Amino acid sequence: LVVSQRLAAAASAPTLQRGTLVSATVTGLRPYGVFLEVEGGHSGLLHISQISSDRVEDVAAHFSLGEALKVMILSHDKAAGRVALSTRVLEANAGDMLRDKAAVFSSAEETLAR
């Protein structure tokens, strides 16, 4: 008998819908992206290429642990327990995420609707 807590949790957890805007909290910073805890207890990755349309050199310069963000779900692989996230699609203009995150988050619903 093989028991996997990760598979059991994935099977009982609700499916995150692609294209949905969700709140998340920064739990880890790496050179290749930001790890986030998405509402509902899922963990996901905001890859460095999905942060902004402009080039991001240093993730730690733009994010801090415990920071609250709004992100869009790109994909959810329930079996592997992976969630891909993006803030790049929330930008009205290229580079807005790096210049003024608060403005991007305040207009996120409107931008996604377009």
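As the structure is a computational prediction, the values presented were derived from the model and not from experiment.
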Check: Can you check whether Leu69 reaches Thr25 side chain to side chain, under 4.5 Å on heavy atoms?
Finding: no

Notebook entry, point to check: Under 3.5 Å, is there a donor-acceptor pair between the side chain of Lys70 and the main chain of Ser107?
Noted result: no

Item checked: Distance in Å, Glu91 CD paired with Ser53 OG, rounded so as to fall on 0.5 Å steps -> 4.5 Å

Note to self: Once side chain to side chain donor-acceptor pair (under 3.5 Å) is applied, do any residues pair with Arg18, and if so which ones, sequence neighbours excluded?
What the structure shows: none

Checklist line | Residue pair Leu85 / Val34, side-chain heavy-atom distance below 4.5 Å | finding: no

Notebook entry, point to check: Which distance, rounded to the nearest 0.5 Å, do you find between the CZ of Arg88 and the CG of Asp54?
Noted result: 11.0 Å

Checklist line | Expected output: side-chain Ser52 to main-chain Leu98 donor-acceptor under 3.5 Å | finding: no

Next item on the list: Indicate yes or no: at least one non-hydrogen side-chain atom of His62 is less than 4.5 angstrom from one of Val56.
Entry: yes

Note to self: Just so I know, are the side chains of His76 and Gln17 near enough to count as touching, which here means a heavy-atom distance under 4.5 Å?
What the structure shows: no

Notebook entry, point to check: Do the non-hydrogen side-chain atoms of Leu36 and Thr27 ever get within less than 4.5 Å of each other?
Noted result: no

Check: Of all heavy-atom pairs between Ser86 and Gln50, which one has the smallest distance, and what is that distance?
Finding: OG-OE1, 2.9 Å

Check: So, do Val83 and Leu45 sit near enough that their side-chain heavy atoms are less than 4.5 Å apart?
Finding: no

Next item on the list: First locate atom CG of Leu29, then atom CZ of Phe35, and finally report the distance between them rounded to the nearest 0.5 Å.
Entry: 10.0 Å

Checklist line | Distance in Å, Thr20 OG1 paired with Met72 CE, rounded so as to fall on 0.5 Å steps | finding: 8.5 Å

Margin query: Rounded at 0.5 Å granularity, tell me how far NZ in Lys101 sits from CD1 in Ile51.
Written below: 9.5 Å

Check: Which value, rounded to the nearest 0.5 Å, describes the distance between Thr87 atom OG1 and His47 atom NE2?
Finding: 12.5 Å

